[in-house]
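Okay, structure first, notes after.
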Amino acid sequence: MKISHTIDKLATERILSPEEFKLLLTCSDPYLHERARMARDAVYGRQIFLRGLIEFTNHCKHNCLYCGLRRENIDLTRYRLSKQQVLECCKIGYDQGFRTFVLQGGEDNYCTDELLTDILRDIKLTYPDCAITLSIGERDRNSYQQLFDAGADRYLLRHETADAAHYSTLHPPDMQLASRKQCLRDLKEIGYQVGCGFMIGSPGQNLDHIVGDFLFIKEIDPSMVGIGPFIPHAATPFSGEKAGELHLVLNALAILRLIKPNLLLPATTALGSLHETGREMGILAGANVVMPNLSPLETRKKYLLYDGKISTEDDPRYCRRFIDQRMHKIGYEVVTSRGDYIEI
Ligand code: SAH
Ligand code: SF4
């Protein structure tokens, strides 16, 4: 069967056999990305949603083997932003038209429910027209509930890989795929717009794992999916591993768009770090979200999840103009809106 038929089949049936998924993952037929753009345009048009990323703590109790913030990276100077600093980041973003703030950080025991609910309430009071996304890892259900009640709207928790054996090679034994899945279910039940996701090219990953991730995503039925390339960090056990491949990331984005046309799908910073125009290529493969960094310049270099992360020196006050220009060049418009998930 011709590749274009398989692409059309995915666009209509939203599912393929593992062999067909693998065929599309590795294909270089431009129709895959074209079809993904059509699917996205039918739901969201050619509008790109903005999320302002605020990296508010780089303390982390975990030791994920891939991540530069891992506990055992003792060379890293750790920091936390105060509530005032977080609010200042929001202001810089709000003034440029950001209507979603993503509070991301390591799993930091200092960030109690009390501390976080206080920050959330203040952001919501100051910017009631904005959505808040949290990306702070695994917590218990009661904690997720309190954060939701205090104003968090969305939660990003990548599952990293849907294969338990693969998961256990990326994380120490104190982290389990089953508890991550439970967190995703809890978040959904509470009422968050939930995002899962994974890295392309994480050590030990093969195409079957990626197919497994697609099937898991179908089952979880999230509003958002964050995928980007794995990129090695020198101070991790994976320092000598290869980065994920660009074309695989792009094809995976396109396939996800066809599996679920209304997904909020970011062209990630990691993708922009892998290639100078990676984010543009991501949009052209079906993504519809960009996440410029609103964190203070002083802390950027201390939040290196991987080496070569972009935007460590870009002034957050001008990031909107910068991203507008980039998106405009490829025919897209960045909009001032919360950019909520659309049910179809
Ligand atoms: N601590 C939180 C949020 C920060 S990490 C959490 O773990 O959920 C956010 C994401 O960065 C992770 O989910 C992981 O997929 C990604 N990441 C970490 N190290 C990376 C690397 N070396 N290359 C690419 N992405 C990485
Ligand atoms: Fe911590 Fe998240 Fe990095 Fe794991 S991926 S070490 S939980 S910041």
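Note that the numbering runs from 1 along the sequence shown for the chain. All ligand and atom numbering here is 1-based and tracks the order in the structure. These figures come from a predicted structure and were not determined experimentally.
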Proximal atoms of ligand 1 relative to Gly106 (non-hydrogen, under 4.0 Å): 1 (N)

Atoms of ligand 1, numbered as shown, that sit under 4.0 Å from any heavy atom of Ser135: 3 (C)

Presence of salt bridge, Glu138 and Arg180, under 4.0 angstrom: yes

Ring geometry between Tyr66 and His171 (parallel below 30°, tilted from 30 to 60°, perpendicular above 60°): perpendicular

Donor-acceptor pair between Gln176 and Ser179 side chains, under 3.5 angstrom: no

Note: Asp129-Arg338 ion pair, threshold 4.0 Å (strictly below): no

Contacting atoms of ligand 1, where contact means under 4.0 angstrom from a heavy atom of Arg158: 13 (O), 14 (C), 15 (O), 16 (C)

Atom 20 (C) of ligand 1 - nearest protein heavy atom and its distance: Met199 SD, 3.8 Å

Atom 9 (C) of ligand 1 - nearest protein heavy atom and its distance: Gln104 NE2, 3.7 Å

Heavy atom of protein inside 4.0 Å of atom 7 (O) of ligand 1, strictly below: no

Glu19 and Lys22 ion-paired at < 4.0 Å: yes

Residue and atom name of the nearest protein heavy atom (relative to atom 11 (O) of ligand 1), distance in Å to one decimal: Leu305 CD1, 3.6 Å

Which residue and heavy atom of the protein sit nearest atom 24 (C) of ligand 1, plus the separation: Pro229 O, 3.2 Å

Near-ring test Phe49/Tyr44, centroid separation under 6.0 angstrom: yes

Tyr303: numbered ligand 1 atoms lying under 4.0 Å from its heavy atoms: 4 (C)

Ring center gap for Phe238 and His233 short of 6.0 angstrom: no

Protein residue, atom and distance nearest to atom 7 (S) of ligand 2, heavy-atom basis: Cys60 SG, 3.6 Å

Proximity to ligand 1 by part of Ala270, non-hydrogen separation under 4.0 Å: neither

Taking atom 12 (C) of ligand 1 as the reference point, the nearest protein heavy atom with its distance: Glu160 OE2, 3.3 Å

Pair Asn293, Ser295: side-chain N/O donor-acceptor within cut-off below 3.5 Å: yes

4.0 Å protein heavy-atom contact status of atom 2 (Fe) of ligand 2, strictly under: no

Which residue and heavy atom of the protein sit nearest atom 8 (S) of ligand 2, plus the separation: Gly106 CA, 3.7 Å

Option with minimal heavy-atom separation from atom 5 (S) of ligand 2, where the choices are Cys67, Gly105, Pro172: Cys67

For atom 19 (N) of ligand 1, the protein heavy atom that lies nearest, with its residue and separation: Tyr66 CD1, 3.4 Å

Atom pair CG/CD of Asp340 and Gln193 - distance to nearest 0.5 Å: 4.5 Å

Test: Arg46 cationic atom under 6.0 Å from Tyr332 six-membered ring centre, within 45° of axis: yes

Distance flag, aromatic centroids of His159 and Phe216, threshold under 6.0 Å: yes

CA sep, side-chain torsions, deciding dist, call: Tyr341, Arg154, side chain to side chain donor-acceptor pair (under 3.5 Å): CA-CA 10 Å; Tyr341 172 71; Arg154 310 182 185 137; over 6 Å; no

Cys64 near atom 3 (Fe) of ligand 2 via N/O/S, less than 2.8 Å: no

Closest protein heavy atom (residue, atom, distance) for atom 22 (N) of ligand 1: Ile231 O, 2.7 Å

Enumerated ligand 2 atoms positioned under 4.0 Å from heavy atoms of Tyr66: 5 (S)

Closest approach of any protein heavy atom to atom 2 (C) of ligand 1, naming residue and atom: Gly105 O, 3.3 Å

Contact check: His233 vs ligand 1, nitrogen or oxygen atoms, below 3.5 angstrom: no

Tyr79 and Glu298: side chain donor to acceptor below 3.5 Å: no

